[in-house]
Each structure stands twice: as structure tokens, then as C-alpha cells.
Amino acid sequence: QVQLVESGGGLVQAGASLRLSCAASGRSFSDYAMGWFRQAPGKEREFVGTIGWGGGRTTYADSIKGRFTISRDNAENTVYLQMYSLKPADTAVYYCAAAPWMEAGPQEYEYDYWGQGTQVTVSS
């Protein structure tokens with residue numbers, strides 16, 4: 001079992017930056033690829049990005065590429081989502097998820113564990 005707790009969400013203005021954290025507990029964090037997803041009001045949950053268990057490989061959705069960066073600190077059992085140049089369209093609940101593979105992709109079925117989410121609201 002892996003428990004995931006996101007934090008760092010909030011209300012910001014367009015153009016601002018925000019860093020989300022996802023703290024993991026339970027089984028060895030470094031055995032899991034980690035992903036970030038988001039769900040906007042009235043929309044399906046969508047893939048944001050993922051990072052391999054060693055932190056060496058990242059993949060991002062086209063919609064956020066160049067603005068968001070995922071990193072992880074295996075010593076702290078934490079994965080981060082650094083968001084720059086936020087837009088109102090980035091408003092969503094952001095979820096982290098853990099996949100028991102070296103690397104994972106954009107499909108939700110690859111991930112076994114999910115956090116409860118943290119709300120990010122970007123005002124215009």
C-alpha cells in the first residue's frame with residue numbers, strides 16, 4: 001500500500017507560479033513511477049505528466065509542456081509539480097498517482113494508488 005497526500009494548491013492570479021507536493025508513505029517510494037493528473041470542473045480527469053522511479057525521465061502533456069516541471073526527491077518520499085505561467089484553463093483539482101513500474105504513461109489504469117487531490121484555481 002502507498003498513501004499519497006497532495007498539498008500546495010490554492011488561488012493564484014494568471015501568470016503566477018505554484019508548486020504542488022505529493023508526499024508518499026507506505027511501501028518504498030522509489031519503486032514507483034509517479035504521475036500527475038488534473039480534473040477541471042465538468043471535465044474528465046486528464047494526464048499532466050509523469051516521472052520515472054529514478055527521476056531521470058519525465059513525460060508531459062502537450063497542453064502544459066514548457067510551463068510545468070515534475071521532479072522527485074526519493075529521500076523525502078515526495079514528488080513535485082512546479083507550475084509556471086498559470087492560466088485560468090489550468091484551474092482543476094490536481095492528483096498525484098503511483099505506478100509500480102520504472103516508468104509510466106498517461107493512462108490511469110497504469111497507476112495503482114491515488115491521492116485525494118488539491119485544488120488549484122487561477123483567476124484572470
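Reckoned from all heavy atoms, side chains included, excluding hydrogens, waters and symmetry mates.
The hydrophobic cluster containing Val93 does not contain Val48, counting ILVMFWY residues as joined when their side-chain heavy atoms lie under 4.5 angstrom apart, directly or transitively. The hydrophobic clustering, which links ILVMFWY residues whose side-chain heavy atoms are closer than 4.5 Å, places Leu20 and Val122 together.
The shortest distance between side-chain heavy atoms of Trp36 and Ile51 does not fall below 4.5 Å. Proximity of Asp90 to Ile64: side-chain heavy atoms (C-beta onward) are separated by under 4.5 Å at one or more points. Under the 4.5 Å side-chain criterion, counting only non-hydrogen atoms from C-beta, Leu18 is in contact with Val120. Annotation: side chain of Val12 is not in contact with side chain of Thr121 (no heavy-atom distance under 4.5 Å). Put simply, the side chain of Met34 reaches to within 4.5 Å of the side chain of Leu4, judged on heavy atoms. Side-chain contact check for Met83 versus Ser17: every heavy-atom pair is 4.5 Å or farther apart.
Between Tyr32 and Tyr113, the two ring planes are perpendicular [angle over 60°; tilted spans 30° to 60°]. Between Phe68 and Tyr94, the ring-plane angle classifies as tilted under the 30° and 60° cut-offs.
Both cation-pi conditions hold for Arg19 and Tyr80: the charged atom is under 6.0 angstrom from the six-membered ring centre and inside a 45 degree cone around its axis. At least one cation-pi condition fails for Arg72 and Trp53: the charged atom is not both under 6.0 angstrom from the six-membered ring centre and inside a 45 degree cone around its axis. Both the sub-6.0 Å distance and the 45° axial angle are satisfied by Arg45 relative to the ring of Tyr95.
A donor-acceptor pair is defined here as one N or O able to donate and one able to accept, closer than 3.5 Å; no such pair exists between the side chain of Gln39 and the backbone of Ala92. A donor-acceptor pair is defined here as one N or O able to donate and one able to accept, closer than 3.5 Å; no such pair exists between the side chain of Thr91 and the backbone of Ala89. Counting only distance, with no hydrogens or angles, the side chain of Asp73 and the backbone of Glu76 share a donor-acceptor pair below 3.5 Å. Of the possible polar contacts, one joining the Glu110 side chain to the Gly105 backbone as a donor-acceptor pair under 3.5 Å is found.
No side-chain donor from either of Arg67 and Tyr84 sits under 3.5 Å from a side-chain acceptor of the other.
Just one residue in the list Glu44, Glu46, Glu6 forms a salt bridge (charged side-chain N to carboxylate O under 4.0 Å, His left out) with Arg38, and that residue is Glu46.
With values rounded to the nearest 0.5 angstrom, Ser123 atom OG is found 10.5 Å from Leu86 atom CG.
Residues Phe47 and Ala61 approach most closely at O-CB, 3.4 Å, considering heavy atoms.
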